[in-house]
Each structure stands twice: as structure tokens, then as C-alpha cells.
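Written out below as C-alpha cells is the structure these notes cover.
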Amino acid sequence: MYNIFDFTLEELQNWMKENGESAFRAKQVISWIYKGVKEFDEMKNIPVALREKLKENFLISLPTIVEVYESKVDDTKKMLLSLKDNNLIECVIMKYKHGNSICVSTQVGCRMGCKFCASTLGGRIRDLSAGEILSQVMVAQNYIGERISNIVLMGSGEPLDNFENVTKFLKLVNAEYGLNIGQRHITLSTCGIVPKIKELADLDLSITLAISLHAFSDEKRKVIMPIANKYSISEILDACKYYMDKTGRRITYEYSLVSGVNDSREDAKSLATLLKSMNCHVNLIPVNEIKENTLKRPSRKTVEDFENILKSYGIEVTIRREMGTDINAACGQLRRSYLETQK
């Protein structure tokens, strides 16, 4: 059985033709599923015989909501979702003045091993399909009764480690017949898989690329990010230059500040020197403390000093606004805590 959310309009048109049906039926079916219809029998303008064929071959498969945690601080909502095979994923809905944003997962778990991230602690279970990534947006919109206008691929999983499904998701979510969310409203965050950054650049998309850098030197980066043993910062920056040349899009560099590890004034100066020739934006993120490690967040003054040093070098920088601090809104925390309670 296929999940119909995995199909583009073109793929469903081809399926119709291969199964003796008119291609135009595909657009009718797609229209129904994006309107929120959950059963093929509800598609009243589809012939009964075709509905039976669809039921034999497809599922309208949306995740089931297991838990929703709603922040009392800032209206952030964190959703724990169960997939068809009972694997759990999570997504976060964030309300801003400019609209609703969602942070989606791209894998069940993650194998990148970043020390500050809870989603990687149990390793990678499996990749999500394009439709499973898309369906997080569908479920979130249904839950809040409002349109999602911005998407961040920054939840559990490494998006470029699930390249084919993620790039297909970008096509699906951008399609006019679907959710029609513009590529410029989508940010993809990666820890820096160099060949895939270049492959992404060749697709000539208009999304924002965010690089999880977190250190100015390979030695420091290896302490918190195992991927640094495979790809050097120099290789990552070369891939980023290639991406910018191909797409004309500015890159965001994410920098999680860890007390005593990468938050000194010297770290700030070295980072500024590293990035000063790049057309970039730096997003400073005070690390989320998790019980499984000893990484601590720096003081607010340390974070602000770091920010000011970068600014003095002419680098555009912001401190990420923390959302849902009272509901474990950082990626991987909710899924992990829920699984522990079930044991």
C-alpha cells in the first residue's frame, strides 16, 4: 500500500494512466486530500470503481497525535506524533507576528551524534518519507485551524542524510496544488554533509540553507560534532561558497554556545575572522541542557558579549529567540522522555 501523500501530481497522473483511468482524476483526488478528506469514499466526484481501486492501493496516512504540549510562556506547541509503524516523531509549532512556523523532523532519531542534541541519543531508526515529512505540516494545520506559512527542517534527523525524501518533500510542499508554501519561507539545517550541500546547490532552489557550525576550528568542532571527523570546516565553507554562487542565497551559520567549550571572547574573534569574507548571518543559540550530558549554557552576559564581538567585525548576528522552554521544545527531548515513561 502506498501513502498517497508521497505522490506528486505527476506521479499520481501516471498511476491513473497505468491503471486505465483518466489522468485528470489525479488532480481531483489530490484536491480532496489537501482539503483534509480522510477516506476515499468521501470523494464524491470520483467514480465508485476508481474509489475501490484507490482503497486497494493507497492509504491517506496522517500521523496520530499522541501528546500536545502547549507552552504557557509563548504559545509554542510541541506535538508528539505516532506513524503507521508506531515510530514516534515530533514537531514544534511556533507563533510569530508574521505567521505560523513549524519545525519538522526528517528522520526517526538521528545518527550524527552531536553532543548537544537529544534526538541523536538513540541513533537513527529510519528515514521519513516525503509524505511523512509533509504530513507533519498537515496535522499541525488541522490542529491549530490556521495556515502554516514557514517551515524549518531542524527537528529530529539530519535532512541531507535523507536527501531524496527531503528534496521530494520540498517539491510537494511548494506545489500550487498542495500547501503552496514558497521556498523562500523554508529553511533547511544541516550539520555539514559536503557532497549533499553541493548536490542541493545544483537543484537551484530558493530555500535558506543553515549550517550547524558551532566552532571555528576542526579541533573544537570534533569535541561536540562527530561529523567534523569526516568533513573539515574548510571543506564545508567551500561547499557553502559553491551553494551561494549557484543560488545567490545567503547562508545562515548556527552556533550553539556551550559554557567553557566555545563561548570565550577568543572564540568569538576567531569565528568572526573565519566568516568575515562570507555573505552570511550568524544565529547564536545558547545550548539546550539535557540530562544525558554535562554541557551547560553560558550566562546571558557571555552570550551578549559574543554577539557584540561578531557585530564589531561587521557580521550580521542574532541571538535565537527561545521558544517553548517550559515544554522541552528542543528537538528529541519530548520523544525521548515519552519513551522512557513507557518503559
Q: Report the C-alpha distance between Y96 and D75 in whole Å, list the side-chain angles of each, state the deciding distance to 0.1 Å, and finish with yes or no for side chain to side chain donor-acceptor pair (under 3.5 Å).
A: CA-CA 9 Å; Y96 295 98; D75 206 25; over 6 Å; no
Q.
Assess the residue pair L188 and V152 against the criterion (side chain to side chain contact (heavy atoms under 4.5 Å, CB included)); give the C-alpha distance rounded to whole Å, side-chain angles, the decisive distance to 0.1 Å, and a yes or no.
A. CA-CA 6 Å; L188 184 153; V152 183; over 6 Å; no
Q: Let me see the working for R250 and E316 under salt bridge (charged side-chain N to carboxylate O under 4.0 Å, His left out), right down to the final yes or no.
A: CA-CA 11 Å; R250 184 178 70 163; E316 190 172 320; 3.1 Å; yes
Q: Start with the C-alpha gap between I207 and L153, add the side-chain angles, then the distance that decides, and say whether side chain to side chain contact (heavy atoms under 4.5 Å, CB included) holds.
A: CA-CA 11 Å; I207 64 170; L153 288 92; over 6 Å; no
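In this structure, a donor-acceptor pair under 3.5 Å is absent between the side chains of Q28 and S31. Under the 3.5 Å distance criterion, with hydrogens and angles disregarded, a donor-acceptor pair is assigned to the side chains of D202 and Y242. In summary, the side chains of S71 and D74 do present a donor paired with an acceptor at a separation below 3.5 Å, with no hydrogens or angles considered. No hydrogens or angles considered: nothing links the side chains of S105 and E90 as a donor-acceptor pair under 3.5 Å. Residues S270 and T273 bring no donor and acceptor atom of their side chains to less than 3.5 Å of each other. A donor atom on one side chain and an acceptor atom on the other are not found under 3.5 Å apart for N308 and D305. In this model, a donor atom of one side chain and an acceptor atom of the other lie less than 3.5 Å apart for T208 and R249. A donor atom on one side chain and an acceptor atom on the other are not found under 3.5 Å apart for D218 and S232. For the residue pair Q107 and D161, a side-chain donor N or O sits within less than 3.5 Å of a side-chain acceptor on the partner. When only modelled atom types and interatomic distance are considered, E146 and N100 share a side-chain donor-acceptor pair under 3.5 Å.
Both L274 and V317 are part of a single hydrophobic cluster, where members link through side-chain heavy atoms under 4.5 Å apart.
Contact record, F7 with L172: O-CD2, 3.5 Å, taken as the closest heavy-atom pair. Shown here for T318 and H281, the closest heavy-atom pair between the two residues is OG1-CE1, 3.0 Å. The two residues L9 and Y177 make their nearest non-hydrogen contact at N-OH, 3.0 Å. Among all heavy-atom pairs drawn from P63 and V139, the shortest one is CD-CG2, 3.7 Å. Looking at every heavy atom in both residues, S212 comes nearest to M225 through O-CE, 3.4 Å. The shortest heavy-atom contact between M112 and I227 is SD-CD1, 4.2 Å.
Atom OG of S264 and atom CD1 of I309 lie 8.0 Å apart (nearest 0.5 Å). Of the inter-residue distances, the one linking Q136 atom CD with C103 atom SG reads 9.0 Å to the nearest 0.5 angstrom. One finds the CD atom of E18 at 6.0 Å from the CG atom of N14 (value rounded to the nearest 0.5 Å). Atom CD1 in I30 sits 9.5 Å away from atom CD in E11 (nearest 0.5 Å).
Note: Y255 and F306 have tilted aromatic rings, judged against thresholds of 30 and 60 degrees for the angle between ring planes. Using cut-offs of 30° and 60° on the angle between ring planes, the pair F116 and H214 is perpendicular.
For NZ of K27, the number of neighbouring non-hydrogen atoms (other residues, nucleotides, ligands) closer than 6.0 Å is 12 at most. Within 6.0 Å of NZ in K171 there are 12 or fewer heavy atoms belonging to other residues, nucleotides or ligands.
Annotation: side chain of T252 is not in contact with side chain of L209 (no heavy-atom distance under 4.5 Å). Between V29 and L54, the closest side-chain pair of non-hydrogen atoms falls below 4.5 Å.
Note that K55 lies outside the cation-pi zone of F40, set by a 6.0 Å cut-off to the ring centre and a 45° limit from the axis.
A salt bridge does not link K44 to D41: none of the charged side-chain nitrogens sits closer than 4.0 Å to a carboxylate oxygen. Between K196 and E199, at least one side-chain N (NZ, or NE/NH1/NH2) sits under 4.0 Å from a carboxylate O, which counts as a salt bridge. A salt bridge between E132 and R126 is present, with a side-chain N of the basic residue lying under 4.0 Å from a carboxylate O of the acidic one.
Between the side chain of S22 and the backbone N or O of F24, no donor-acceptor pair lies under 3.5 Å.
Taking the ring centroids of W15 and Y2, they lie at or beyond the 6.0 Å cut-off.
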